[in-house]
Amino acid sequence: MSTSLDQALQTYIAEARELLEEMEAALLRLESAPDDAETLGAIFRAAHTIKGSAGLFGLDPIVSFTHIVEDILQRLRDGNLAVTAQLIALLLECGDHMQQLIEVVAVQGGQLDATAHAHECGLRERLYSYQQAVTEEACMPVVHAPEPTIEVCDEQHVSSELWHISLRFGPQVLRNGMDPLSFLRYLNSIGSIQRISTLSDSMPPMDSMDAESCYLGFEIELQSDAERATIAETFDFVRDDCQIHILPPHGKIAEYIEMLQQLPEDFSRLGELLVSSGALTPQELERGLAAQENPSGNQPQQLLGEILLEQRVVQPAVVQAALDKQSQLQEQRSREQRYVRVQADKLDELINLVGELVIAGAGASLLAQNCQDEALQEATSVVSGLVEEIRDGALRLRMVPIGDTFNRFQRVVRDVSQELGKDIELHISGAETELDKSVVEKIGDPLMHLLRNAMDHGIELPEVRQAAGKPSKGNLHLNAYHDSGSIVIEISDDGRGLDRQRILQKARERDLISSTATPTDAELYNLIFEAGFSTASAITSLSGRGVGMDVVKRNITALRGSVELDSQPGLGTRVRIRLPLTLAIIDGFLVGISQASYVVPLNMVQECVELSADDRRATRERGYLNLRGEVLPLIFLREHFNIDGSPGRRENVVVVRCAEHKAGLVVDELLGEFQTVIKPLGKLFSTLRGISGSTILGNGAVALILDVPALVLQITRQASHAAQQPAALSICAR
Amino acid sequence: MGALLTRETDLRQSQEEAQYLTFMLSGEMFAIGILGIKEILEYGQLTSVPMMPAFVRGVINLRGAVVPVIDLSARFGRHNAEVTRRSCIVIIEADSDGNTQDIGLMVDSVSAVLEIARSEIEPPPAFGAKIRADFISGMAKVNGAFVIVLNVDQVLSVDEMTLLSEASGPALATPS
């Protein structure tokens, strides 16, 4: 049982984190659209769920703090409080604190340290000030649902001012990891339990009792201002296997009677119990019993339940509304249930297996091709088709939209811009662009760094911007889109741009370029990704220490990605990150050089051209090919990789494209498409450039995967250096 | 000297004898402790990796894992080993920064597994050996002849080999 409880706690922690993120996003939305009731509702629900579930686990520090936050949110929702920037800032801080509480209390099972505690006290005080402000202003009583009617002296209604809750826990409750006591504890957090009677009637004799079953029932008198729904929600987790009756203060006697009838225990005994606990007066009980025996005179046999039914039929509209609401709730619930939580490592395991399946499948189809058995070939081709679909499906499981990562930065931008005294707005587009989860996890930090850099160095102070004739509000854009098998993430600002002269001067100081060379803008700007390169004259707390940009680049390179930078003085800077969609399996194009096979990622291949005998000599001298009037720089892989042996009888050019660069890879043979399971080469090969990994072919041999972006970059760099002299190659050097 | 041995052999240090695999390389006999050895393969389908130093022979497919193969002869600074009918790849579990990595060691031929008493192993000579002194863990007397017991951790040090390939890589990478 303890393990399932532990699992439930883990689920709670994961959910709470997600809810807090949602809450934060919603709060930020609220800042721009303060009247959006839906957003407010979302924030309230998030806080409410966090509190409710925390109550179930007995995480009291979370419950008590969140309760106050929830209260404020409730007031906001009721319109008793106005949304102000101050209040949102406070609620954001509260969100942070709840995060901390969850980390400390739920994850580590510890207590807050003194500073955090002091922080909480501060927050509480500020929250109280809002609470009080409201109670003074809003003397008008909040109109609740029609249930708590105020006609006390009516014969139909009981005089008790307390909620009556009748609980019969099902035998499975303990096994399902629920502790009945935690529900009672939670009830105390939304009201106060005035009286409680424990019923152990269903407890079997000692020898037949199952220690893991729950036999308890409770009759509770609760004093609370909460609505029925709030009280009912307490029991959300056990509703299915328990009998729960909640009767409002001054409820109808008939309802009490109906409840008593439905309960398993002896009717009169329970009646007495209720009388003794003060829920009913003796007179009320008598009246109810009499009514049951002789409900309306001429129909003595009619059951009380039916009477109630008739009563309900009188107000069909009310019933219909209730039913509609119920079905809505169910629909919402089923929508939520369409998601299945799966542990990430299970998914990774699956993808590894699919990878092995792809390799084994390739081996099988290779063998089938060597046999003359057509039926076998047919069968294997069907299998490989299916394997391909499974592969795509499995990889899609791990694809997540980048929007969640992007949205996290709203808060960062908000906080940092306030800290810097700048007015900056973050615009997000392409949030639905999907990429592999493992990539998403690793891209957060580099993005954060680039954003901070843009805010700190890129975007100017409002006065400076106005002086430069720009609107005082700075704009940051985060954009993502798919392009030829990679995902491109763009971070652009409309700030001052990079200072070409300063970078050039710094680069010469640091001997990164010779004092006579005149590098292109692109080359120069990309120098800021070199280690220890910072042009910021003043070091701020955010950036400017020169550590960071090289780390950004290293992290991105480790993901087999690339980063480039473009800047217009006075107009802004744009950083473009290009990442592979997945780190596991890709479609490859197999090429051969001598005996060795190499894989080119298929989505970078544009076309293949055969190099005619005439062309061969000429291109070898020139180093480029005239492709329909376009200059295509060539990489002679045999020479580039120092592969022994003479060139094959014929050579082919594989035209690849990476970003806006095109290049031709000269190879011997074209071997066709191949599903490539990427196997990392290990640390020993970490310094290798131009090869990004390896894969296993159908015949068991290892083939190397070409790192096309690195090769293309290398060739365009060479070309741009060669461009000092004549050459039409400068086109490729941008 | 204990530090030079693998952890597994440390455990056995108290015992009198330890087992060693002996193999031939350019006519000389070498030995390595048997505990780090996972398996011995016939030299087969190997994919060479371009732009790596000569001692990185290439990579092989070991039941779905890609494993680098080190040419021991070239690692000792000699010429690359010739592939013969008796060439073998010894798969060794090497330790690098707490991570274990399988590395293949290409040798001319594998001889035998011998039990050598600790008393029969002498410390490495300070000078005069044909290979780097830090590669030698000791000199074992087998049938009256000396066999060099290799310090596998040092010979297959991933960190050192990575540094070496970094140094040699760019030189090879710039095409003429």
Side-chain angles (χ1 to χ4, degrees), chain A residues 352-353 355-360 363 592-599 620 623 634-645 666 677-707 710-711 714-715 717-718 721, chain B residues 41-42 44-71 75 80 83 89 92-105 155-176:
Chain A
N352 282 343
L353 275 177
E356 297 304 318
L357 181 67
V358 168
I359 294 173
I593 303 163
S594 292
Q595 297 303 307
S597 304
Y598 293 87
V599 177
R620 208 160 274 275
L634 294 179
I635 305 168
F636 294 91
L637 283 181
R638 178 186 299 281
E639 282 82 7
H640 191 79
F641 286 160
N642 284 319
I643 298 167
D644 301 332
V666 183
V677 182
I678 300 174
K679 304 253 176 191
L681 272 173
K683 198 181 165 205
L684 187 56
F685 300 97
S686 56
T687 57
L688 194 54
R689 298 281 166 264
I691 304 270
S692 62
S694 62
T695 187
I696 292 170
L697 301 178
N699 63 5
V702 180
L704 301 173
I705 301 169
L706 297 179
D707 183 357
L711 284 170
Q714 206 169 341
I715 197 78
R717 278 225 182 115
Q718 277 168 25
H721 283 302
Chain B
L41 307 170
E42 204 176 317
Q45 199 168 39
L46 178 136
T47 304
S48 61
V49 181
M51 303 185 289
M52 288 299 283
F55 64 80
V56 180
R57 190 89 188 186
V59 286
I60 56 165
N61 168 16
L62 182 67
R63 290 185 298 279
V66 176
V67 173
V69 175
I70 304 298
D71 186 327
R75 179 80 172 116
N80 269 44
V83 178
I89 297 172
I92 293 173
E93 205 174 70
D95 227 356
S96 73
D97 300 337
N99 300 321
T100 56
Q101 194 196 354
D102 287 348
I103 295 182
L105 206 56
V155 174
L156 296 183
S157 159
V158 174
D159 290 334
E160 195 206 300
M161 290 193 289
T162 310
L163 276 177
L164 282 174
S165 47
E166 198 174 358
S168 71
L172 281 168
T174 28
S176 48

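Just so you know, these numbers use all the heavy atoms, side chains as well, and skip hydrogens, waters and symmetry mates. Lettering of chains follows the sequences in order, A, B, ..., and the numbering in each one begins at 1.
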**OP:** Examine whether an atom of A:Phe636 lies under 4.5 Å from a heavy atom of chain B, and if so say whether it belongs to the side chain, the backbone or both; otherwise answer neither.
**Re:** neither

Taking distance alone, no hydrogens or angles, what donor-acceptor pairs closer than 3.5 Å link side-chain atoms of residues 60-70 of chain B to residues at least two apart or in another chain?
residue: B:Asn61; atom: OD1; partner: B:Gly64; partner atom: N; Å: 2.7
residue: B:Asn61; atom: ND2; partner: A:Gly700; partner atom: O; Å: 2.9
residue: B:Arg63; atom: NH1; partner: B:Glu39; partner atom: OE1; Å: 3.4
residue: B:Arg63; atom: NH2; partner: B:Glu39; partner atom: OE2; Å: 2.8

**OP:** Write down the atom of A:Leu684, the atom of B:Met52, and the distance for their closest heavy-atom approach.
**Re:** O-CE, 3.6 Å

**OP:** Identify the two heavy atoms, one from A:Leu704 and one from B:Ser48, that lie closest to each other, and give their separation to 0.1 Å.
**Re:** CD1-O, 3.7 Å

Subject >> Qualifying residues under side-chain hydrogen bond (donor to acceptor under 3.5 Å, both in side chains), relative to A:Asn699, sequence neighbours excluded >> reply: none

Original post:
Would you find more than 12 non-hydrogen atoms of other residues, nucleotides or ligands less than 6.0 Å from B:Gln45 atom CD?
Top reply: yes

**OP:** Specify the closest pair of heavy atoms between B:Pro50 and A:Leu688, including all atoms of both residues, with the distance to one decimal.
**Re:** O-CD1, 3.3 Å

Subject >> Heavy-atom contact with chain B under 4.5 Å, split by part of A:Ala701 >> reply: both

Original post:
Can you say whether A:Ile696 sits under 4.5 Å from chain B via the side chain, the backbone, both, or neither, judging by heavy atoms?
Top reply: side chain

